[in-house]
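One structure is given below, encoded as structure tokens.
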Amino acid sequence: MPEEMDKPLISLHLVDSDSSLAKVPDEAPKVGILGSGDFARSLATRLVGSGFKVVVGSRNPKRTAGLFPSAAQVTFQEEAVSSPEVIFVAVFREHYSSLCSLSDQLAGKILVDVSNPTEQEHLQHRESNAEYLASLFPTCTVVKAFNVISAWTLQAGPRDGNRQVPICGDQPEARRAVSEMALAMGFMPVDMGSLASAREVEAMPLRLLPAWKVPTLLALGLFVCFYAYNFVRDVLQPYVQESQNKFFKLPVSVVNTTLPCVAYVLLSLVYLPGVLAAALQLRRGTKYQRFPDWLDHWLQHRKQIGLLSFFCAALHALYSFCLPLRRAHRYDLVNLAVKQVLANKSHLWVEEEVWRMEIYLSLGVLALGTLSLLAVTSLPSIANSLNWREFSFVQCVATSSAGNTGSGTRRPESQSQDPHLPALHHQTSFLGSRSFCCSLVPVSTPYGHQEDLSWTR
């Protein structure tokens, strides 16, 4: 087991085969790393590949040297912290005290804390890991950064996963230096201010889909309401009034009847806030006033609501395909055939019902295809590959075919919720005459975790 834990996450053959990782120019800036875990190995690999000269400090350099890129120098901690001005501290909080013997050599240097607490530790300690590290090394400048980036993202590159790196620290010069390193590594630094924000930054990896909580509860609430209504109409009422037992419809038929209702309501909730924002700005006569908080949060959750609408529509399509596979459907066909024989009818064909079903299926497929197009283009990887005209064309064609259009010139954008940040005044102008097409793309959040670059196109 210990031998398996010592294996690097990235193949050493791949590391050595990459010329950019095998040789680093002598004039490259030197960076130190304290720690030899998975994150330290991935960080060293990314730094070397970005043109930095890396010195790794380990308590057992001979044992861990083979786990790092050949271009990285692995030595004892005392030697690793002597020359670099920026040192990454890649050890757990409980091991910070073991570094106190290096306090004299670390004086005046920038310490980058990359650790993350567990949920229990985050609730137990009032101060963040970065603040605790700063209290142990008062002569150093502590910067919190790279804690939201996983070891796998460092190895695979910033194209996989979130590219944004929140950075906070009390010294602007130190934050700027770490930001420049993040840019050189291919990430997008986000200045979070002083070190007091470190606790909030450390809480980011602990959150489980925070932007999906409200939309998911909304979708579940709508599903419960429509399911209860369909249950009373299709199951309970026939049982009470006609003594017909139709409770077998609960698992499939009632669910299938409920899903399109939820999908339609959720889809309308995607476009409704844009209309309300347009009306509000027209009423105010300006685009430079902040939206109300409820409308701002509604605008920020449009992408999640739209994707949940697509999810319900896709489930409805799957449930519809499964309807003929039910045993109850087969019994209905047999009973219908028996009734046709008893009625001495050799040919049963109702033209109106046939046309109605054909049109229903055709429109359903077209609607699902249109919603699929909207959902795909709402993904950041797809939306960022389109320019503004292409994105607008796709959204307008899709929404026009679905009958969902409005009026104005461009999509409304939410203002920042951080009272210390200015409102995004380039929100929207609804005074033009072009058609306005809402989309499932999210608006930018205060810290840009879901920033949509198409807003600035």
Side-chain angles (χ1 to χ4, degrees), residues 211-212 215-216 218-220 222-223 226 230 255-278 298-324 354-413 428 430 434-443 450 452-455 457:
W212 288 86
T216 303
L218 175 63
L220 290 176
L222 290 173
F223 182 86
F226 281 111
N230 292 323
V255 174
N256 190 48
T257 307
T258 302
L259 287 173
C261 301
V262 178
Y264 277 124
V265 174
L266 290 177
L267 187 61
S268 64
L269 294 178
V270 173
Y271 297 98
L272 182 58
V275 178
L276 296 178
W298 192 353
L299 289 169
Q300 292 186 31
H301 289 103
R302 288 187 301 167
K303 175 185 177 180
Q304 289 76 16
I305 296 174
L307 291 178
L308 287 175
S309 174
F310 170 71
F311 176 72
C312 293
L315 285 182
H316 171 61
L318 293 176
Y319 270 96
S320 298
F321 283 121
C322 293
L323 289 178
V354 171
W355 275 99
R356 184 185 296 113
M357 182 56 64
E358 295 292 324
I359 295 175
Y360 168 78
L361 292 176
S362 178
L363 294 179
V365 172
L366 291 176
L368 182 60
T370 300
L371 194 58
S372 302
L373 182 61
L374 289 173
V376 170
T377 54
S378 72
L379 300 177
S381 58
I382 303 298
N384 294 339
S385 64
L386 304 175
N387 59 38
W388 172 246
R389 186 172 184 179
E390 294 170 343
F391 183 85
S392 301
F393 174 77
V394 172
Q395 293 290 318
C396 289
V397 170
T399 51
S400 297
S401 61
N404 295 305
T405 56
S407 60
T409 57
R410 65 173 71 167
R411 297 172 290 167
E413 180 171 358
T428 313
F430 293 92
R434 297 192 311 173
S435 60
F436 162 59
C437 296
C438 294
S439 71
L440 305 182
V441 181
V443 296
Q450 295 175 331
D452 177 23
L453 300 180
S454 63
W455 290 109
R457 293 184 179 134

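Just the heavy atoms: all of them, side chains too, but no hydrogens, waters or symmetry mates, feed the values below. Starting from 1, each residue takes its place in the sequence as its number.
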Going by distance alone, is a donor N or O of one side chain under 3.5 Å from an acceptor N or O of the other, for Thr257 and Asn230?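 Absent: no donor and acceptor within the cut-off.
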Residue pair [X] / [Y], side-chain heavy-atom distance below 4.5 Å:
X: Trp298; Y: Leu269; result: yes
X: Leu267; Y: Phe310; result: no
X: Leu218; Y: Leu266; result: yes
X: Tyr319; Y: Leu259; result: yes
X: Leu371; Y: Ser309; result: yes

Donor-acceptor contact present, side-chain [X] to main-chain [Y], <3.5 Å:
X: Ser392; Y: Arg389; value: no
X: Trp212; Y: Ile305; value: no
X: Thr370; Y: Leu366; value: yes

State whether the number of non-hydrogen atoms from other residues, nucleotides or ligands found under 6.0 Å of Phe223 atom CZ is greater than 12.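 Counting neighbours around CZ of Phe223, more than 12 heavy atoms of other residues, nucleotides or ligands fall under 6.0 Å, so yes.
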First locate atom CD1 of Ile359, then atom CG of Leu363, and finally report the distance between them rounded to the nearest 0.5 Å.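 Going from the CD1 atom of Ile359 to the CG atom of Leu363 covers 7.0 Å.
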Minimal non-hydrogen separation, [X] against [Y], with atom names:
X: Ala211; Y: Pro215; result: O-CD, 3.4 Å
X: Ala313; Y: Ala263; result: N-CB, 4.0 Å
X: Ala375; Y: Leu307; result: CB-CD2, 3.9 Å

With side-chain contact (heavy atoms from CB on, under 4.5 Å) as the test, pick out the partner of Val262 among Leu222, Leu308, Leu220, Leu315.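 Filter result, single survivor: Leu222.
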Take Ser320 and His316 through the side-chain contact (heavy atoms from CB on, under 4.5 Å) test and state the conclusion after the steps. CA-CA 6 Å; Ser320 298; His316 171 61; 3.5 Å; yes
